[in-house]
Amino acid sequence: MPAHPTPLRFKRLLLTGAAGGLGRELRTRLKAYCDTLRLSDIAELGDAAPGEELRPARLEDKAAVNDLLGGVDAVVHLGGVSVEAPFEPILQANIVGVFHVYEAARRHGVKRIVFASSNHVTGFYRQDEVIDTRVPVRPDGLYGLSKAFGENLAQLYFDRHGIETVCVRIGSSFAEPKDRRMLASWMSFDDLERVVVSALTAPVVGCSVIYGISDNATRWYDNSRAAHIGYRPQDSSERFRAAVEARQPALDRSDPATVYQGGAFVRTGPLE
Ligand code: 15L
């Protein structure tokens with residue numbers, strides 16, 4: 001039963017990063033919204049289920065990415081490096097790679113992209129601040145910076161070429177929150193599906209930014225400027241609170257990971 005009730009079906013959707021943690025979740029869920037789901041990754045994708053097309057591709061390979069977008073109606077772009085890492089792999093997958101995706105979209109006339117951005121675009125805001133989707137970026141590392149580049153690229157391709165994007169600054173999307181920080185940043189997999197399908201199907205999005213979190217009692221993000229996307233989270237981290245707090249009773253307030261929204265990302269290197 002799809003978590004998002006939409007009458008819209010796509011002929012062919014492309015999901016990049018389909019072998020990753022969130023890609024595997026969306027692989028099973030997005031099939032309900034399209035006739036054909038094209039899946040891409042550099043990691044093993046297994047066998048194609050009915051209605052799936054497997055297209056392994058490296059994002060830094062311009063020709064391969066160009067082929068990948070042929071004949072698709074919309075793209076859910078999760079592909080790339082998803083944690084802090086040295087500059088070279090981030091440069092190739094997240095900067096060169098995202099450019100190839102938008103160039104291919106332009107050439108093939110693809111008009112809607114859901115870009116998996118990250119809370120780490122604004123990770124250096126403090127945990128005692130609630131920010132909306134229009135504050136200046138404050139990346140907490142090279143990974144967050146590369147996602148900020150992707151968001152800016154999305155804006156350029158909307159302004160120049162009319163390609164619409166919803167940049168989803170994903171919080172922490174796991175089966176359950178792993179620590180106290182994630183009580184604020186957590187997004188359930190059902191809510192992940194809801195935000196992605198809302199972003200794919202909202203009639204007019206231009207280039208929008210939305211934070212991808214559940215309806216958590218504690219949160220640092222205000223999505224009111226993204227209400228046009230129609231994302232209505234149905235889950236909350238609250239039911240995990242007691243267990244998480246019991247597991248992590250004391251917080252070290254001198255630790256930057258406790259002070260800043262990006263958590264441990266604010267102190268992970270290497271910035272080389
Ligand atoms: C991210 O952007 C990562 O891809 C994910 O692995 C989590 O660490 C998440 O942020 C987070 O901030 O919890």
Side-chain angles (χ1 to χ4, degrees), residues 15-27 41-43 59 76-87 89-90 92-95 97-98 114-127 129-131 133 137-151 154 166-189 191-193 195-196 199 209-214 216 218-221 223 233 235-237 240-241 244 247-248 251 255-271:
L15 175 65
T16 69
L22 302 190
R24 288 195 304 272
E25 277 301 319
L26 288 176
R27 177 176 181 170
D41 208 301
I42 49 170
L59 291 167
V76 179
H77 181 46
L78 305 186
V81 175
S82 65
V83 289
E84 186 62 351
F87 187 57
I90 288 183
Q92 293 308 322
N94 294 17
I95 294 184
V98 75
V114 179
F115 172 55
S117 185
S118 170
N119 72 87
H120 297 289
V121 166
T122 50
F124 259 122
Y125 284 92
R126 293 170 53 94
Q127 294 191 10
E129 293 174 282
V130 176
I131 57 172
T133 51
V137 301
R138 287 178 85 168
D140 58 30
L142 295 176
Y143 163 64
L145 185 64
S146 73
K147 292 294 181 181
F149 174 82
E151 292 188 359
V166 177
C167 303
V168 185
R169 288 182 182 164
I170 298 174
S172 308
S173 193
F174 297 99
E176 46 184 85
K178 297 178 179 174
D179 55 24
R180 285 192 185 223
R181 170 180 168 270
M182 289 192 192
L183 292 172
S185 60
W186 185 67
M187 177 167 58
S188 70
F189 293 141
D191 281 341
L192 169 72
E193 176 183 343
V195 76
V196 167
V209 173
I210 188 168
Y211 281 94
I213 55 165
S214 282
N216 304 327
T218 326
R219 53 182 180 266
W220 311 308
Y221 310 125
N223 266 335
D235 293 319
S236 161
S237 62
F240 301 104
R241 181 176 293 279
V244 168
R247 262 203 320 268
Q248 195 189 5
L251 284 175
D255 180 354
T258 302
V259 174
Y260 294 103
Q261 295 177 3
F265 277 62
V266 305
R267 54 171 160 68
T268 51
L271 299 178

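Whatever order the structure lists ligands and atoms in, that order sets their numbers, starting from 1. Residues: numbered from 1 along the sequence shown. Predicted model only: the values in this text are computed from it and were never measured.
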Does the side chain of Y221 come under 3.5 Å of the side chain of T122 through a donor N or O and an acceptor N or O?
no

Can you label the angle between the Y143 ring and the H120 ring as parallel, tilted or perpendicular, going by 30° and 60°?
tilted

Note: ligand 1 atoms sitting under 4.0 Å from heavy atoms of F265 are 8 (O)

Any side-chain heavy-atom pair of R138 and V266 under 4.5 Å:
no

Please report which non-hydrogen protein atom sits nearest to atom 3 (C) of ligand 1, along with the residue it belongs to and the distance in Å to one decimal place.
S82 O, 3.1 Å

Looking only at distances, can you tell me whether any N or O atom of Y143, backbone or side chain, sits closer than 3.5 Å to an N or O atom of ligand 1?
yes

Nearest non-hydrogen protein atom to atom 10 (O) of ligand 1, with distance, is H120 NE2, 3.1 Å

Evaluate T258 against R180 for side-chain contact (heavy atoms from CB on, under 4.5 Å), listing each step before the verdict.
CA-CA 9 Å; T258 302; R180 285 192 185 223; over 6 Å; no

Under 4.0 Å from a heavy atom of R181: which atoms of ligand 1 are those, numbered in the order shown and with their elements?
11 (C), 12 (O), 13 (O)

Does the side chain of R126 come within less than 4.5 Å of W220's, by heavy atoms?
no

Please report which non-hydrogen protein atom sits nearest to atom 9 (C) of ligand 1, along with the residue it belongs to and the distance in Å to one decimal place.
G171 O, 3.3 Å

Classify the contact between I170 and ligand 1 as side chain, backbone, both or neither, using a heavy-atom distance cut-off of under 4.0 Å.
neither

Against heavy atoms of M182, which atoms of ligand 1 measure under 4.0 Å?
13 (O)

Taking all non-hydrogen atoms of both residues into account, name the closest pair between I95 and S146 and its distance.
CG1-CB, 4.0 Å

Distance check, rounded to the nearest 0.5 Å: I210 atom CD1 versus S117 atom OG?
12.0 Å

Distance under 4.0 Å to a non-hydrogen atom of S172: what atoms of ligand 1 satisfy this?
11 (C), 12 (O), 13 (O)

Check each atom of ligand 1 against the heavy atoms of S118 and keep those under 4.0 Å away; list them by number with element.
1 (C), 2 (O)

Looking at side-chain heavy atoms only, is the closest gap between R169 and S118 below 4.5 Å?
no

Taking only heavy atoms of N119, which atoms of ligand 1 are found under 4.0 Å from at least one of them?
10 (O), 11 (C), 12 (O)

